[in-house]
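The structure appears below as structure tokens.
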Amino acid sequence: MKRKIMIVEDEVITAMALENSLRKAGYEVIGPYSVGEGALAVAAIQRPDLALMDIRLLGLTSGISTALELRQRYNIPSIFLTGQDTPQMREAAALSKPLAYLLKPYTDQQLHQTIADALAML
Amino acid sequence: MEVLQRAFGTALEQGSFRGELRLKPPGKGPMDCDLSMTRVVLDGRVGVQTTMRDITASKAAQDEQLRLLAERTTLLDEVHHRVKNNLQVVSSLLYLQQSSSNDADVVEQLQVSRDRIAAISLVHERLYRTSDFGRIDVQPFLVELCESIRAATIAGDRVKLNVYGTDFALELGEAVPIALIVSELISNSMKHAFPGGRRGAIRLWTGFVSGGKRMIRVSDDGVGMRGDPKRVGSLGLDLVQRLAGQISATVAREDSVKGVCWVLQLAAVDIRVDEDVQVVQ
């Protein structure tokens, strides 16, 4: 069965490339969503295996709080995408027990390795 | 005036008190004071000599400076964040173009461009992480560059990459050109030095040569370069030469028994003389 991966990323080109790359690798892609609210509503029905979550999102809910909701409500884990890696960010993000952090800009290899490792942990 | 009373008590008990105090004179704005109290004995009676100095203006200036510094740090973080986001967008655009093409040559060319962007990204990554925004240590930087190239190359498993020698600092303006030059030279070796599944190694040496000049040597133990080096991978090597010129460095191919060896010689590091020091003739 195809693994389902949700994309929550508000930079549309980055999101488009992610979607394309994941589909090619044989994953079922849910999204991309640019705001946390939309992602949460769909996650309730679609139940992805994991979410690729941009830490900074437009809209009311940030990536961190969306990831937290996904984890608490549906036990869906996230991999955070971020251009900024600071101890403060890690501390705030740790609450949602993310499976990994992927630092932008990442390569295809890094993306697929990180996802494979994360799925293996589930 | 509870604060004043406490200060008074301390001065009496311990002999002196020093501190800051904010007064609120009626009808005026708050006033910051530097308070200094000393116990004195005069004609057998104990008293406290008190000096108060108005430091409202200097304190306000100091607060403003701290605020500006914090603001600047936040802005710098924001800029770094945006630069990296934008590099991701650029790389994503090339990726999308790549995946919409059926032409293997186009895919390959776009991949080369994406690898170059990855080298630039690495510089920003390091700059962001270093506490000293002005410089980068060459050795850890090259190790990371090698890692990123190895991960992105199919030949990465067959070819070992080693970094050795002495560490030195790169100036801010040198970092991107050097990342591109070294990445180009390594990619070139990966591509041409080990045909037909050959195994081998690419070695990066860094250190100083005469006159304090910094040097980076990139050598492989592959099959060597056939013909004129200028013709091989022409755009890549043209980039290498021009980028070297941009940072007043020279790059040349050296004779080697086996494989190909490139020597990148950087400008000598400025030895800054403290202008306050007078040279006695």
Side-chain angles (χ1 to χ4, degrees), chain A residues 5 7-27 29 31-34 52-58 62-64 79-93 100-117, chain B residues 70 73-102 107 110-131 144-157 179 183:
Chain A
I5 299 178
I7 299 173
V8 192
E9 160 68 75
D10 60 0
E11 192 76 67
V12 293
I13 289 163
T14 305
M16 195 175 160
L18 270 176
E19 182 185 356
N20 188 315
S21 178
L22 293 184
R23 281 198 207 284
K24 271 196 179 172
Y27 294 110
V29 175
Y33 297 96
S34 57
L52 287 176
M53 182 75 63
D54 184 24
I55 278 203
R56 287 215 219 173
L57 285 177
L58 301 165
S62 78
I64 289 178
I79 293 175
F80 281 119
L81 307 175
T82 178
Q84 204 174 22
D85 190 21
T86 60
Q88 296 93 308
M89 183 275 287
R90 291 243 177 185
E91 198 184 321
Y101 295 87
L102 201 51
L103 292 181
K104 290 179 184 179
Y106 47 79
T107 62
D108 256 15
Q109 287 79 4
Q110 285 167 336
L111 171 70
H112 290 294
Q113 192 60 52
T114 308
I115 291 174
D117 291 347
Chain B
T73 309
T74 311
L75 273 176
L76 201 56
D77 278 359
E78 182 65 24
V79 168
H80 270 286
H81 182 81
R82 297 217 170 258
V83 167
K84 284 193 279 180
N85 247 345
N86 287 344
L87 284 166
Q88 183 70 59
V89 171
V90 171
S91 181
S92 296
L93 280 171
L94 292 179
Y95 167 81
L96 288 167
Q97 198 66 47
Q98 204 179 13
S99 55
S100 73
S101 170
N102 294 319
V107 170
L110 287 169
Q111 187 57 45
V112 170
S113 298
R114 292 183 68 205
D115 291 346
R116 288 176 185 145
I117 290 162
I120 298 175
S121 302
L122 198 69
V123 175
H124 285 283
E125 183 56 39
R126 274 217 93 81
L127 276 181
Y128 180 74
R129 265 187 283 133
T130 160
S131 48
E144 218 170 322
L145 187 64
C146 286
E147 274 312 311
S148 120
I149 293 172
R150 195 212 309 275
T153 317
I154 306 156
D157 298 335
S183 148

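Reminder, nothing fancy here: chain letters follow the sequence lines and each chain counts from 1.
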* Quick one: closest heavy-atom pair of A/K104 and B/K84, and the distance? => O-CD, 3.6 Å
More than 12 non-hydrogen atoms from neighbouring residues, nucleotides or ligands closer than 6.0 Å to [atom1] on [X], yes or no?
X	atom1	answer
A/M89	CE	yes
B/Q97	CD	no
B/R82	CZ	no

Rounded to the nearest 0.5 Å, how far apart are [atom1] of [X] and [atom2] of [Y]?
X	Y	atom1	atom2	answer
B/S91	A/D108	OG	CG	8.0 Å
A/I55	B/H81	CD1	NE2	9.0 Å
B/N85	A/E11	CG	CD	5.5 Å

* All side chain to side chain donor-acceptor pair (under 3.5 Å) counterparts of B/S148, not counting sequence neighbours -> none
* Asked: Considering only heavy atoms, which portion of B/L93 lies under 4.5 Å from any heavy atom of chain A: side chain, backbone, both, or neither?
  -> both
* Taking side chain to side chain contact (heavy atoms under 4.5 Å, CB included) as the test, write out the residues that go with B/S92, two or more places apart. => A/I13, A/T14, A/A17, B/Q88
* To do: State whether the side chain of B/Y95 and the backbone N or O of A/S21 hold a donor-acceptor pair below 3.5 Å, judged by distance alone.
  => yes
* Structure fact -> If you tally heavy-atom pairs under 4.5 Å between each of B/V89, B/V83, B/I117 and chain A, the highest tally belongs to B/V89
